[in-house]
Amino acid sequence: MSTPPESGLQALQPPGWPLPKGYANGYAGTGRLVVVGGQIGWDETGRFPAADLVGQARQALCNIVAVLNEAGARPEHVARLTWYVTDIAEYRSSLRALGQAYREVMGTHFPAMTLVQVVALVEPEAWVEIEATAIIPPESSS
């Protein structure tokens with residue numbers, strides 16, 4: 001698990017713990033905090049371009065990146081993601097495709113992550129909602 005030095009984040013890996021795959025146990029950082037509310041798989045017009053979990057997750061991540069950009073942040077500044085999915089079995093069976101979609105949008109930076117199955121989301125068409133917390137290092141902040 002590597003963190004780009006320009007991210008300003010330090011991965012937290014307790015000694016002897018197995019290395020997590022696709023996420024981190026935790027991150028520490030100093031700088032400007034950016035909190036991104038839950039993003040779902042709709043586009044800027046409020047329409048869902050995809051009707052499946054993977055497509056909606058990709059769009060939700062793109063939406064997170066758009067909000068991060070407003071603060072001058074990039075995906076490598078994300079310290080934590082929380083995923084809410086309506087179907088954990090669908091998530092588990094889509095791991096390979098979700099990983100590919102994640103890397104296409106977020107690169108190879110894997111923050112601390114939590115995944116929770118929920119009964120439903122506010123938008124009936126939504127399969128996933130993702131929220132993010134980023135830390136922009138002082139030298140990157142305006």
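All values below were derived from every heavy atom in this structure, side-chain atoms included, with hydrogens, water molecules and symmetry-related copies excluded.
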Practice problem: Return yes if a side-chain donor-acceptor contact under 3.5 Å exists between Gln117 and Asp87, otherwise no. | Solution: no
Exercise. Please assess Val78 against Tyr27 for the test side chain to side chain contact (heavy atoms under 4.5 Å, CB included), listing each intermediate value before the final yes or no.
Key: CA-CA 9 Å; Val78 174; Tyr27 273 102; over 6 Å; no
Could you see if [X] belongs to whatever hydrophobic cluster contains [Y]? Use Ile, Leu, Val, Met, Phe, Trp, Tyr and a side-chain cutoff under 4.5 Å.
| X | Y | answer |
| --- | --- | --- |
| Phe48 | Leu61 | no |
| Val67 | Trp42 | no |
| Ile136 | Leu68 | yes |

Practice problem: Answer yes or no: is there a side-chain heavy-atom contact under 4.5 Å between Pro75 and Val105? | Solution: no
Self-check item: Separation between CD of Glu76 and CE of Met106, rounded to the nearest 0.5 Å
Solution: 9.0 Å
Self-check item: Gap separating the CD atom of Glu123 from the CG atom of Leu121, nearest 0.5 angstrom
Solution: 9.0 Å
Self-check item: Centroid-centroid distance, Tyr102 to His109, less than 6.0 Å
Solution: no
Polar side-chain atom of [X] near backbone of [Y] as donor-acceptor pair, under 3.5 Å:
| X | Y | result |
| --- | --- | --- |
| Ser94 | Tyr91 | no |
| Asp43 | Gln59 | no |
| Gln10 | Gly8 | no |
| Gln56 | Trp127 | yes |
| Arg92 | Ile88 | no |
| Gln13 | Ala24 | no |

Exercise. Any pair with a residue in residues 50-61 that passes salt bridge (Lys or Arg N to Asp or Glu O under 4.0 Å), sequence neighbours left out, goes on the list, sorted by first then second residue, please.
Key: Arg58-Glu104
Practice problem: State, to 0.1 Å, how close Gly31 and Pro138 come at their nearest heavy-atom pair, and which atoms those are. | Solution: CA-CD, 3.9 Å
Self-check item: Nearest heavy-atom neighbours spanning Ala120 and Thr86
Solution: CA-CG2, 4.2 Å
Quiz item: Of Ile64, Thr133, Thr114, which meets side-chain contact (heavy atoms from CB on, under 4.5 Å) against Leu81?
Solution: Ile64
Exercise. Dump the intermediate steps for side chain to side chain contact (heavy atoms under 4.5 Å, CB included) on Val85 and Val116, then the final yes or no.
Key: CA-CA 6 Å; Val85 298; Val116 180; over 6 Å; no
